[in-house]
Structures are given as structure tokens and as C-alpha cells.
Amino acid sequence: MAGHSKWKNIQGRKNAQDSKRAKVFQKLAKEIFVAAKAGGDVSTNASLRLVVDKAKAVNMPNDNIKRAIDKASGNANVEHYDEITYEGYGPGGIAVLVHTLTDNRNRTSTNVRVAFNKNGGSLGETGSVAYMFDRRGYIVIMREGLEVDEDTFMLEAIEAGAEDVEISDEAFEVYTEASAFTEVKDALQAADYRFVTAELSMIPQVSSEIDEGKKEQFERMLDALEDDDDVQEVYTNAAGY
């Protein structure tokens, strides 16, 4: 992971997604609902706590969060969502993982396939690209206003259990083993650090450059996938995305 900045790569797309805030909140509400089906108390439901923290990091209103939890807790007969991950290749052979939550498998499968096929990509079999990614904890702390030098922060993060730290002029990016994510996040929060991103993510082992002539087509594919209500996350190994 060392030597590249995931944060710098995703900033442009993150800003574009932030402009669709209502859709972002809608997708997070679905994630909260699914997690809360196993219990609505964040102190005893680790999965719920993670997604609630993720929602708060993008300023999702507390009322929206509570409504999603209450919906899951109050009625055993409400809708059911299946968690499905699609694997495939974008233009230029870029590896793509698409994580979905859906109440209609046929609709979601069709929409994902169309997004790939219309934009120079193709769906693959299960396992065709997943091996190129590692599940890792990922935390971003902006440096503006922080009175801590790079060496001090690096030491704090490693002592908290971080696996790796990327440092740029703008941000500290902390990577953890998936199993250590909550412990590291809690330790850094206790040290009064504030996160702009704190999540479990799929991190590519190696990033691939995409041909200039295929970038526009690739971005259309990402836009189509991210705009789909059933798609929660899209991960790629394309450098710069």
C-alpha cells in the first residue's frame, strides 16, 4: 500500500458523490437497516456501529439514522435485502468490484450488467477479480488545524495498531487489518482526532493505469453504477480513482 494516496485518488469522485447527498443518505439508510436487523443497540452490534459511524462521517442527520434503526427494530416483516458482490472488468481490463444490497436480484443483476456492457466492460465469475483486493480498515484525518508533526502521528497510529500510514500535505491516511479497524479507530478518536473517512474498504493490492482514451468510458461506467439505488460501493484498481 505504501507509496500511493488513496485519498488523493478518490477526492474528485467523492466530491461528485457528495453533490448527490440525498442518494448517499438513502443508501446509508439501507445499510443501517440491514445491520440493525441483528440488534438496534450500537454498543452491542459492531456492524451497526461501523455503519452509523460511516453515516455520521458524511453528516447524515441523526433523525435519519434513528429512523432506519427503528424501522429495522420495529417490524419483523419489513423488506429483506440480499447482499451481493459483482466482479468484472472495466474498459482496459480494470478490475471492478460492485457491492450491492437489493430486494430484487434480477433487477440489480440486469442493471449492473448493462452498466458494464454499455461502457466497454464485462462481468466476470465470482472470484475473478476479488483476489486482487484486500479488505482493510481505512481512516483519513485532514491535517489542517492539527498541531502534530508527522513522526508523532506515525508513532501514535502504529502504537494504536495501524498497519500502514500514508502522509501527504493534506491528510494522514491510516490503513489497518480488518480485524483491528475498530480498535485503531477508537484509539485515534480517544486522542481527539476527527475523521473525514473511517470505513472498512477493499484496497487494491496493485493499481493499474487506465489508457487516456478509455477514461471517459470508464467514468461513464462508474457513474452508472454509483447512480444505481441498489449499489452501495464500487471498488476498482484503477490508478487515480
Side-chain angles (χ1 to χ4, degrees), residues 1-11 13-14 17 24 27-28 31-32 34-36 38-60 62 65 69 83 85 95 97 99 129-207 232-237 239 241:
M1 287 178 293
H4 71 273
S5 169
K6 175 179 168 67
W7 177 248
K8 189 172 292 184
N9 287 348
I10 67 174
Q11 272 181 305
R13 295 205 62 79
K14 182 179 185 301
Q17 290 170 335
V24 171
K27 293 186 178 189
L28 283 167
E31 272 192 74
I32 292 168
V34 171
D41 186 347
V42 295
S43 66
T44 58
N45 184 337
S47 295
L48 178 60
R49 180 186 172 192
L50 285 177
V51 69
V52 167
D53 285 348
K54 180 180 174 182
K56 289 181 175 179
V58 295
N59 299 314
M60 184 174 178
N62 288 332
I65 295 172
I69 294 173
E83 187 174 353
T85 298
L97 290 176
H99 177 60
V129 302
Y131 71 92
M132 302 179 190
F133 297 79
D134 294 320
R135 189 158 179 78
R136 292 286 184 266
Y138 178 62
I139 297 168
V140 179
I141 299 167
M142 302 308 292
R143 297 186 64 180
E144 185 177 1
L146 286 184
E147 296 182 2
V148 60
D149 60 60
E150 296 176 358
D151 290 340
T152 299
F153 179 81
M154 178 82 75
L155 182 60
E156 285 186 79
I158 297 302
E159 287 181 342
E163 182 184 34
D164 194 13
V165 179
E166 292 287 336
I167 297 173
S168 66
D169 292 339
E170 293 180 318
F172 294 124
E173 297 171 84
V174 180
Y175 295 86
T176 79
E177 291 286 352
S179 59
F181 172 65
T182 299
E183 179 182 350
V184 175
K185 180 171 68 67
D186 289 350
L188 292 175
Q189 278 184 322
D192 289 330
Y193 290 109
R194 297 292 174 263
F195 313 140
V196 292
T197 295
E199 62 187 13
L200 286 169
S201 185
M202 297 299 290
I203 307 296
Q205 296 165 2
V206 178
S207 294
Q232 298 298 117
E233 302 285 352
V234 181
Y235 306 102
T236 89
N237 70 342
Y241 291 85

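Counting from 1, the numbers follow the sequence of the chain as shown. Since the model is a prediction, treat every value here as computed from it, not as a measurement.
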Could you give the distance from [atom1] ([X]) to [atom2] ([Y]), rounded to the nearest 0.5 Å?
X	Y	atom1	atom2	value
I203	M132	CD1	CE	16.0 Å
L188	I141	CG	CD1	5.0 Å
M60	N62	CE	CG	9.5 Å
S201	H99	OG	NE2	11.5 Å

Which atom names give the shortest non-hydrogen contact between [X] and [Y], and what distance separates them?
X	Y	value
L28	A55	CD1-CA, 3.9 Å
A160	A187	CB-CB, 3.7 Å
V52	V42	CG2-CG1, 4.1 Å
A35	V51	CB-CG1, 4.1 Å
V165	A157	CG2-CB, 3.7 Å
A162	T176	CA-CG2, 4.4 Å

- prompt: Is there a salt bridge (charged side-chain N to carboxylate O under 4.0 Å, His left out) between D164 and R136 once you walk through the steps?
  reply: CA-CA 11 Å; D164 194 13; R136 292 286 184 266; over 6 Å; no
Say whether, by atom type as modelled, one donor and one acceptor occur between the side chain of [X] and the main chain of [Y] under 3.5 angstrom.
X	Y	answer
N237	P204	no
Q232	K27	yes
R194	M142	no
E150	F172	no

Pair K185-F195, side chain to side chain contact (heavy atoms under 4.5 Å, CB included): steps then yes or no:
CA-CA 9 Å; K185 180 171 68 67; F195 313 140; 3.3 Å; yes
Heavy atoms, side chains only, cut-off 4.5 Å: are [X] and [Y] in contact?
X	Y	answer
L50	F181	yes
L200	R135	yes
D151	L155	no
E199	D53	no
Y193	E156	yes
Q205	Y131	no
T85	Y235	no
I167	M154	yes

Q: Check the pair R143 / V148 against side chain to side chain contact (heavy atoms under 4.5 Å, CB included), numbers first and verdict last.
A: CA-CA 9 Å; R143 297 186 64 180; V148 60; over 6 Å; no
Review point. Do we see a donor-acceptor contact under 3.5 Å between the side chains of Y138 and E173?
Key: yes
Would you say D169 has more than 12 foreign heavy atoms packed within less than 6.0 Å of its CG?
no
query: Quick check: are there more than 12 heavy atoms from other residues, nucleotides or ligands sitting under 6.0 Å from NZ of K54?
result: yes
